[in-house]
**Student:** 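My questions will all concern the structure given below.
No hydrogens, no waters, no symmetry mates; every other heavy atom, side chains included, goes into these values.
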Amino acid sequence: MDTILAALDLEGDSEAVLMRALQLAQAHSARLVLLHVLETEGLGQAAAAYGCAEDGLRGLLQRQAREALANLLDGIADPEILVEFGPAHVVIVDVVEAIGADLVVMGPGTRARMLKGRALGTTVDRVVRSLAVSLLVVRSLPELPYRQLTVAMDFSPQSTAALQAARRLAPSAAVRLVHVAHVPEPFQQAMLRAGASHADIESFHSGLYDKARADLAALAATLEVQGRVVTRVMKSQPGVALLKMSKSPRTDLMAVGADGRGAVRSALLGRVTRRLLSEAGCDVLVGR
């Protein structure tokens with residue numbers, strides 16, 4: 001990992017984001033760039049209301065943002081600081097490309113917490129759909145490096161990428177590979193209409209469960225952290241199961257893929273990812 005971009009909104013979660021970004025930059029000997037984005041909507045009207053030129057107001061806002069970032073750093077580090085104007089999600093993606101960032105670190109945002117999962121607010125949701133690199137959403141001040149890593153596996157390329165990204169981010173963490181064996185209700189109803197019995201459906205469930213256990217075991221055997229990898233397969237709703245695990249003391253980082261495999265799984269894991277980003281009890285890594 002060479003370059004980390006920390007996007008700070010200078011609100012409640014900025015200190016946690018900054019501290020985690022600094023810890024990761026030090027652990028990986030990575031370049032750290034701090035970014036604060038100022039929205040341009042209404043800027044012209046604000047300048048007119050204050051009786052000043054828009055360029056003058058931009059300069060004032062930039063200086064204030066830089067001072068706020070310097071106060072947040074309080075002399076503990078001297079990373080690069082960028083203050084840019086525009087839609088936050090667009091600017092973040094553009095800066096990632098411009099500086100060649102390997103990871104973006106940001107907070108869940110106030111709006112995401114207030115809505116409690118009904119909608120993920122704006123910036124995080126848009127960023128996670130647009131980035132070509134991994135996104136780490138930080139929820140609390142870090143006390144230690146990540147030590148307990150849970151990876152949600154659906155055996156898609158996306159979840160494999162999440163595992164790889166998480167291992168790069170926290171190479172010394174214990175790993176728990178989790179698969180939630182779930183057959184959506186519409187699919188079960190389609191099986192019944194096609195003539196399958198409830199026993200057939202239960203057998204189908206059991207087959208998925210057994211195969212997932214074997215596949216997770218085979219995957220665990222390939223990892224270099226032998227003896228520190230555990231696997232678990234659950235029969236549950238993915239969102240419910242993973243959210244509960246994110247609030248366990250055995251998980252301080254949960255890694256998920258950006259989406260799943262196939263139309264049904266992609267829609268399902270997309271909803272699960274959004275729910276975790278807005279409601280998880282730990283930090284969440286969306287790996288790519």
Side-chain angles (χ1 to χ4, degrees), residues 1 3-9 11 13-14 17 20-21 33 35-41 82 84-139 150-166 168-169 180 184 238-239 242-243 246 253-280 282-288:
M1 187 179 301
T3 303
I4 298 171
L5 176 67
L8 304 174
D9 60 9
E11 294 185 359
D13 49 33
S14 285
V17 173
R20 180 59 76 183
V33 179
L35 170 67
H36 178 66
V37 183
L38 295 162
E39 297 283 348
T40 54
E41 185 177 355
L82 299 176
E84 303 289 345
F85 286 89
H89 67 286
V90 174
V91 173
I92 289 171
V93 172
D94 288 346
V95 171
V96 165
E97 295 178 355
I99 68 173
D102 307 293
L103 174 72
V104 174
V105 185
M106 59 190 300
T110 303
R111 186 178 175 189
R113 289 194 294 270
M114 290 173 59
L115 291 177
K116 296 182 180 178
R118 287 175 293 175
L120 178 62
T122 54
T123 304
V124 172
D125 191 31
R126 293 174 180 174
V127 167
V128 78
R129 284 184 277 155
S130 305
L131 277 181
V133 300
S134 297
L135 171 68
L136 175 65
V137 176
V138 176
R139 308 193 69 85
T150 295
V151 185
M153 298 297 304
D154 71 345
F155 309 110
S156 67
Q158 291 82 3
S159 64
T160 300
L163 171 60
Q164 294 170 346
R168 289 193 297 270
L169 187 70
V180 184
L242 294 175
L243 187 61
S246 77
L253 176 64
M254 178 167 283
V256 294
D259 44 36
R261 178 178 59 191
V264 173
R265 291 192 178 184
S266 178
L268 178 63
L269 190 54
R271 290 196 297 272
V272 172
T273 298
R274 287 193 293 272
R275 184 172 182 182
L276 286 170
L277 287 172
S278 62
E279 298 182 54
C282 66
D283 294 356
V284 177
L285 176 70
V286 182
R288 286 188 169 87

**Student:** Got a second to check how far L242's CG is from T150's OG1, nearest 0.5 Å?
**Tutor:** 9.0 Å
**Student:** For the atom pair CG (L103) and CG (L5), what is the distance rounded to the nearest 0.5 Å?
**Tutor:** 8.5 Å
**Student:** Please check this pair: side chain of R288 against backbone of A161, looking for a donor-acceptor N/O pair closer than 3.5 Å.
**Tutor:** no
**Student:** What is the minimum heavy-atom distance between V37 and G86, and which atoms define it?
**Tutor:** CG1-O, 3.3 Å
**Student:** Hey, are the side chains of L35 and E84 touching, using non-hydrogen atoms and a 4.5 Å cut-off?
**Tutor:** yes
**Student:** Side chain of R139, backbone of L277: donor and acceptor closer than 3.5 Å?
**Tutor:** yes
**Student:** Would you compute the distance between atom CG of L163 and atom CD of Q158 and round it to the nearest 0.5 angstrom?
**Tutor:** 13.5 Å
**Student:** Closest heavy-atom contact between P108 and V137?
**Tutor:** N-CG1, 3.7 Å
**Student:** Is there a side-chain contact between V104 and V133 (heavy atoms, below 4.5 Å)?
**Tutor:** yes
**Student:** Looking at every heavy atom in both L285 and A165, which two are closest together, and how far apart are they?
**Tutor:** CD2-C, 3.9 Å
**Student:** I want to check something: taking the side chain as every heavy atom from C-beta on, are I4 and V105 in contact at a cut-off of under 4.5 Å?
**Tutor:** yes
**Student:** Quick one, V286 with V256, criterion side chain to side chain contact (heavy atoms under 4.5 Å, CB included). Give me CA distance, side-chain angles, the key distance, then yes/no.
**Tutor:** CA-CA 5 Å; V286 182; V256 294; 4.2 Å; yes
**Student:** Side chains of V124 and H89: does their closest heavy-atom pair fall under 4.5 Å?
**Tutor:** no
**Student:** Is any side-chain heavy atom of L243 closer than 4.5 Å to a side-chain heavy atom of R275?
**Tutor:** yes
**Student:** Measure from the side-chain N and O atoms of S159 to the backbone N and O of S156, and report whether any donor-acceptor pair falls under 3.5 Å.
**Tutor:** yes
**Student:** Strictly distance-based, threshold 3.5 Å: is any side-chain N or O of D283 a donor or acceptor partner for the main-chain N or O of L253?
**Tutor:** no
**Student:** Do V33 and L82 have side chains that approach each other closer than 4.5 Å (heavy atoms only, starting at C-beta)?
**Tutor:** yes
**Student:** Can you name the closest pair of heavy atoms from V17 and A6 and give their distance?
**Tutor:** CG1-CB, 4.4 Å
**Student:** Between atom CE of M254 and atom OG1 of T273, what is the distance when rounded to the nearest 0.5 Å?
**Tutor:** 10.5 Å
**Student:** With sequence neighbours left out, write down each residue that passes side-chain hydrogen bond (donor to acceptor under 3.5 Å, both in side chains) with S14, or none if nothing qualifies.
**Tutor:** D9
**Student:** Give the C-alpha distance, both sets of side-chain angles, the deciding distance and a yes or no for side chain to side chain donor-acceptor pair (under 3.5 Å) between D102 and T3.
**Tutor:** CA-CA 6 Å; D102 307 293; T3 303; 4.6 Å; no
**Student:** Is a side-chain N or O of H36 found less than 3.5 angstrom from the main chain of L8, in a donor-acceptor match?
**Tutor:** yes
**Student:** Counting C-beta onward and ignoring hydrogens, is there a side-chain heavy-atom pair between L276 and E279 closer than 4.5 Å?
**Tutor:** no
